[in-house]
Amino acid sequence: LKCAFSVRAPPSGPRTALVGLYPSEFLALVSCPRVPIERRRAYAIGVYMYLRPGELAALRWEDIDLTRGLVAVRRSRLRDGSDSSRKMGRARPPHAIEITLLPLLRAMAEQPHGEHVVTGLPRAAALATTLREDLRLAGCMRAELHTCASDPPRLWMTMHDLRTTGITWMAVRGDEPLRIMARAGHGEMASTLGYVSRAALVGQAYGAPFPELPADLQSATRSATPTPPHGETGRRGRYHTDAREGQERDRPADSAEGEPYTRRPSTSKPAIPGDGDDSGSRFATAQRARLHALLNEAGRAVDDGDEPGL
């Protein structure tokens, strides 16, 4: 044990560079109609409240005082799906909500809602992948958002970088470091000064932090399920065209919106066995005849219970 205590820890490597969104990229993301409105709202709240992913998922309406424009971050989402204050560390007192976020929160509060403010997010393991896919849909293809680097070390965009974006914007706006530290819930000033030093390097072309949010985010209508660009692949390979989008494409011109209709079969691909009156039985008969011929050549009798082969 004495020897173990005398062993020094290996030196830590260089810190990973921060990744965040420019105001123009953020507006493109939250304005993209191909991204579901629930996720666009979550991205806006995550940036404008500087929340960690677990804090964003656990945020409740009881934590928000819309009358006074205050929010208290009290809990975080655990890996088992429960909300707890055990992982919060340093207590974060109620602080003012960004003025440009208040109209969205008030509109959401007037709509039917549950206990939590944010809904529609995927499971924790898929948050980063989903965010980057939504950025691609919005046309935000800057290399720093989608690729990693080793020199200097940099990770691609993750859900935690929405918080990074919001804290950086406060520093770019010129907020006092103590104000940033309190709002972000930093335990040490050194963490806050890292954002301040980064903000000192940006130029006039950076953009105005915390811009007004698109008006359509306040709508109660859900956006359509997104269809990724042609040829884009995800964890399971190539995406398929959204079924509802395909139905609208095949809707006859004289059919009114919302009326039932019969979908026209596509002529660009062969018919699927079983899609018709007797195509399935004809397919099975042909396959059984082929099996008979193959097995007869091998000198084996065919039982009626055998399934037709390919």
Side-chain angles (χ1 to χ4, degrees), residues 15-32 35 38-57 59 71 73 76 92 95-102 104-105 117-118 121 124 127-149 152-177 179-186 191-214 217:
R15 296 185 61 181
T16 303
L18 300 175
V19 180
L21 295 174
Y22 293 112
S24 59
E25 293 172 329
F26 168 79
L27 285 177
L29 175 62
V30 298
S31 302
C32 181
V35 179
E38 293 87 352
R39 292 211 296 267
R40 287 191 282 148
R41 287 174 170 178
Y43 299 152
I45 295 172
V47 171
Y48 283 53
M49 288 188 176
Y50 350 106
L51 298 176
R52 300 176 178 89
E55 296 168 350
L56 178 63
L59 185 66
V71 59
V73 183
S76 182
R92 199 183 315 182
H95 60 268
I97 301 172
E98 295 290 339
I99 295 178
T100 47
L101 180 63
L102 284 173
L104 172 60
L105 293 177
V117 178
V118 172
L121 288 177
L127 282 174
T129 303
T130 302
L131 172 59
R132 291 194 297 274
E133 290 172 356
D134 291 342
L135 286 170
R136 293 188 184 97
L137 291 175
C140 302
M141 298 302 297
R142 183 159 53 96
E144 288 82 357
L145 304 178
H146 301 281
T147 59
C148 298
R154 185 195 74 240
L155 295 177
W156 47 42
M157 185 84 180
T158 66
M159 200 71 176
H160 190 278
D161 292 317
L162 297 179
R163 167 181 165 86
T164 298
T165 299
I167 299 175
T168 302
W169 286 5
M170 282 194 288
V172 171
R173 186 172 56 186
D175 292 7
E176 293 292 332
R179 180 186 180 93
I180 298 175
M181 180 179 179
R183 285 190 167 194
H186 287 156
S191 300
T192 305
L193 293 179
Y195 291 91
V196 175
S197 61
R198 181 191 182 196
L201 302 177
V202 305
Q204 295 294 331
Y206 186 87
F210 303 105
E212 291 188 5
L213 296 171
L217 286 183

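Sequential numbering from 1 along the given sequence is applied to the chain's residues. Reckoned from all heavy atoms, side chains included, excluding hydrogens, waters and symmetry mates.
Between the side chain of Arg40 and the main chain of Cys32, a donor-acceptor pair closer than 3.5 Å is present. No donor-acceptor distance shorter than 3.5 angstrom exists from the side chain of His95 to the backbone of Val73, with no hydrogens or angles considered.
Between Arg41 and Glu38 there is no side-chain heavy-atom pair separated by less than 4.5 Å. The side-chain heavy atoms of Leu105 and Ile45, taken from C-beta on, include a pair separated by under 4.5 Å. The shortest side-chain heavy-atom distance between Leu135 and Leu21 falls under the 4.5 Å cut-off. Contact annotation: the side chain of Val47 approaches that of Phe26 to within less than 4.5 Å [non-hydrogen atoms, C-beta and beyond]. For the pair Trp169/Tyr48, a side-chain contact is recorded, criterion being any heavy-atom separation below 4.5 Å from C-beta on. Under the 4.5 Å side-chain criterion, counting only non-hydrogen atoms from C-beta, His146 is not in contact with Met157. Using a 4.5 Å cut-off on side-chain heavy atoms (C-beta onward), Val19 and Leu155 make no contact.
Residues Leu29 and Ala138 approach most closely at CA-CB, 3.7 Å, considering heavy atoms. Looking at every heavy atom in both residues, Gly194 comes nearest to Ser197 through O-OG, 2.9 Å. Smallest separation of non-hydrogen atoms from Pro209 and Val172: CG-CG1, 3.9 Å. Considering all non-hydrogen atoms of both residues, Ile167 and Tyr50 come closest at CG1-CB, 4.0 Å.
His186 and Tyr195 have parallel rings, their planes meeting at less than 30° on a 0 to 90° scale where 60° marks the start of perpendicular.
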Q: Output, in order, the C-alpha distance, side-chain angles, deciding distance and verdict of salt bridge (charged side-chain N to carboxylate O under 4.0 Å, His left out) for Arg39 and Glu133.
A: CA-CA 12 Å; Arg39 292 211 296 267; Glu133 290 172 356; over 6 Å; no
Q. Given Leu56 and Met49, is the side chain to side chain contact (heavy atoms under 4.5 Å, CB included) satisfied, shown in steps?
A. CA-CA 9 Å; Leu56 178 63; Met49 288 188 176; over 6 Å; no
Q: Check the pair Arg198, Thr164 against side chain to side chain contact (heavy atoms under 4.5 Å, CB included), reporting the backbone distance first and the verdict last.
A: CA-CA 11 Å; Arg198 181 191 182 196; Thr164 298; 3.8 Å; yes
Q | Leu59/Val71 under side chain to side chain contact (heavy atoms under 4.5 Å, CB included): CA gap, chis, key distance, verdict | A | CA-CA 9 Å; Leu59 185 66; Val71 59; 4.1 Å; yes
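Rounded to the nearest 0.5 angstrom, Thr158 OG1 and Asp161 CG are separated by 4.0 Å. Between the CG atom of Leu137 and the CZ atom of Arg132 there is a distance of 13.5 Å, given to the nearest 0.5 Å.
Under a cut-off of 6.0 angstrom, the local environment of OH in Tyr22 is sparse, with at most 12 non-hydrogen atoms contributed by other residues, nucleotides or ligands.
The side chain to side chain donor-acceptor pair (under 3.5 Å) test applied to Glu25 returns Arg142, not counting sequence neighbours. Every residue two or more places apart in sequence or in another chain was checked for a side chain to side chain donor-acceptor pair (under 3.5 Å) with Arg163, and none qualifies.
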